[in-house]
There are 2 protein chains.
Amino acid sequence: MDRESRRRSVAEAIHRIAAREGLEGVSVRVVAAEAGLSAGAVQREFPTKDDLLLFALETSVDEVAARFSRIRIGPDALTFAEGLRAVLTDLLPTDERRRAQARIWAAFYARAAVDPAFAKVLSDLDARARANLALALGYARDQGELAVDRDPAAVAELLLVVIDGLWFSCARLPEGDPPDHLHSAVDAAVALITTRTR
Amino acid sequence: MDRESRRRSVAEAIHRIAAREGLEGVSVRVVAAEAGLSAGAVQREFPTKDDLLLFALETSVDEVAARFSRIRIGPDALTFAEGLRAVLTDLLPTDERRRAQARIWAAFYARAAVDPAFAKVLSDLDARARANLALALGYARDQGELAVDRDPAAVAELLLVVIDGLWFSCARLPEGDPPDHLHSAVDAAVALITTRTR
DNA sequence: TATGTATCGATACGAACGTATCAGAAGGGT
DNA sequence: ACCCTTCTGATACGTTCGTATCGATACATA
């Protein structure tokens with residue numbers, strides 16, 4: 001078994017544990033057991049616990065970034081309104097996997113609140129998202145989908161906040177609850193930001 | 001020293017620790033030292049760690065609820081737009097205390113993602129906030145401050161999401177950074193939700 | 001086939017955790 | 001004065017943590 005795939009399976013193990021018990025439940029031994037490896041193997045790959053968690057965070061960031069970048073807005077793709085709805089709806093816990101990812105995300109955010117290394121990784125992702133949003137909003141304005149008196153940069157900031165809020169609303173949703181009210185919130189966000197199609 | 005004030009000082013100690021190192025840094029011994037008490041005293045008051053954390057959460061919830069309820073919207077108080085801006089701006093980290101509270105909140109949210117007891121306390125707060133928002137939005141609609149084709153319930157859900165998002169955006173803001181972009185987000189939210197005053 | 005090297009699983013260790021237990025100080029009621 | 005209840009601070013215990021270390025094994029190279 002090559003190194004890279006083992007690192008990946010460790011990251012997946014951490015994600016499963018974090019979704020179940022939070023970052024507090026992540027320890028070298030537990031991760032090793034969950035990944036089906038010996039503790040020594042995990043430890044050799046990730047000398048300290050911070051290495052372990054940061055790698056899991058980066059893996060998670062890559063996954064989320066990939067999810068976002070799958071949705072393309074532009075002339076020969078989705079309209080801005082469609083794309084915006086797709087991005088926001090994609091965050092909602094439609095299945096158990098999504099729900100788990102929201103919980104993982106919440107755990108990492110909490111860690112970022114007290115650990116600058118984690119905060120930096122997240123703010124880098126933020127910067128990328130901000131840039132992508134600026135592009136999409138520029139396109140939207142060109143297409144007349146944005147009310148002209150809205151400041152696109154401010155709307156972008158609001159959207160980043162909404163996205164963060166959706167993550168956490170999902171994270172603390174009880175196990176079986178459907179996210180109906182979050183769908184309402186997404187509807188409202190799309191309706192308020194885009195102009196009506198009359 | 002009476003019991004109630006000691007419980008309160010314990011809660012404050014937990015908040016200081018959680019703001020500094022997250023919930024992972026909270027242990028019976030550390031809390032006792034931070035509160036200037038013996039470990040036994042803390043342990044007698046809160047038999048288990050869960051008791052400790054849940055009490056700290058409830059204290060935090062009360063503080064936040066008090067902050068919200070200080071802002072009154074109505075005929076002889078603020079307009080809806082003013083009140084909405086006040087509520088959202090109040091979340092922003094204007095001082096170190098606010099910043100600390102955002103970090104504490106992030107920690108509790110992450111815990112709520114994996115612990116139903118915590119999730120319930122937060123969702124109860126949510127229910128109260130939802131009711132208050134419904135009131136305010138009803139008033140706004142009566143005053144013509146809401147576009148008539150907006151569903152007030154959906155807007156309320158969006159606002160709850162925005163509030164959650166603001167918490168976490170604040171929580172992971174680096175130490176000295178000014179929250180300019182969050183002010184932009186608040187401006188955008190207020191502008192989009194309330195009708196223009198022409 | 002030998003040998004040097006990298007990787008493996010396992011164990012060891014000190015620290016810190018949550019919790020239980022307990023001896024003594026304090027204080028009010030008889 | 002005594003005793004009984006309550007409260008206090010401290011210590012004890014078993015577990016688990018992160019990390020260091022180490023002999024055994026696998027493998028590449030000469």
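So that the names make sense, note that chain A is the first sequence line, chain B the second, and so on, each numbered from 1. Side chains are part of it too, since the values below use all heavy atoms of this structure and drop only hydrogens, waters and symmetry mates.
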### Short side-chain N/O contact to dT8(D) OP1/OP2 from Arg6(B), under 4.0 Å
yes
### Atom-pair distance (CD on Glu45(B); C1' on dC7(D)), nearest Å
11 Å
#### Entry: Spacing between Arg7(B) atom CZ and dC7(D) atom P, to the nearest angstrom
13 Å
#### Entry: Derivation of the salt bridge (charged side-chain N to carboxylate O under 4.0 Å, His left out) call for Glu175(A) and Arg99(A)
CA-CA 9 Å; Glu175(A) 200 64 34; Arg99(A) 214 181 275 266; 5.1 Å; no
Write down the protein N/O and nucleotide N/O pairs, taken from nucleotides 19-21 of chain C, whose separation is under 3.5 Å; answer none if there are no such pairs.
residue	atom	partner	partner atom	Å
dT19(C)	OP2	Lys49(B)	N	2.7
dA20(C)	N7	Gln43(B)	NE2	2.8
dA20(C)	N6	Gln43(B)	OE1	3.2

### Task
Look at atom CZ of Arg67(A) and say whether more than 12 heavy atoms of other residues, nucleotides or ligands are closer to it than 6.0 Å.
yes
#### Entry: Short side-chain donor-acceptor distance under 3.5 Å, Asp126(B) and Ser123(B)
no
### Summary
Annotated structure of DNA chain D as dot-bracket, pair cut-off 3.5 Å, Watson-Crick or G-U only, | for inter-strand, is ..||||||||||||||||||||||||||||
### Task
With DNA chain C as reference, determine whether Arg44(A) or Glu24(B) sits nearer its 5' end, using the nearest nucleotide of each.
Arg44(A)
## Note on the structure
Separation of dG18(C) atom P from Ile14(B) atom CD1, nearest Å, is 11 Å
### Query
What's the closest nucleotide to the Ser38(B) side chain, out of dC17(D), dC17(C), dG9(D)?
dG9(D)
### Message
Tell me every residue that passes ring pair (Phe, Tyr, Trp, His ring centres under 6.0 Å) with Phe108(A), counting only those two or more places apart in sequence or in another chain.
### Response
none
### Query
To the nearest Å, how far apart are Leu23(B) CG and dC17(C) P?
14 Å
### Query
Does a side-chain N or O from Ser27(A) land closer than 4.0 Å to OP1 or OP2 of dC17(D), or not?
yes
### Message
Over all strands shown, is Val42(B) touching base, sugar-phosphate only, or nothing at heavy-atom distances under 4.0 angstrom?
### Response
nothing
### Message
Listing request: all side-chain hydrogen bond (donor to acceptor under 3.5 Å, both in side chains) pairs with a residue in residues 17-29 of chain A, at least two apart in sequence or in separate chains.
### Response
Arg20(A)-Glu34(A)
## Note on the structure
Whole-Å distance, Leu37(A) CG to dG9(C) C1', equals 11 Å
### Message
Assigning hydrophobic clusters by single linkage (Ile, Leu, Val, Met, Phe, Trp, Tyr; side-chain heavy-atom cutoff under 4.5 Å), is Val114(A) placed with Trp167(B)?
### Response
no
#### Entry: Note, Phe68(A) side chain near Asp90(A) side chain (heavy atom, < 4.5 Å)
no
#### Entry: Contacts of type ring pair (Phe, Tyr, Trp, His ring centres under 6.0 Å), residue Phe168(B), not counting sequence neighbours
Phe168(A), Tyr109(B)
### Task
With sequence neighbours left out, write down each residue that passes side chain to side chain contact (heavy atoms under 4.5 Å, CB included) with Ala11(B), or none if nothing qualifies.
Phe55(B), Thr59(B)
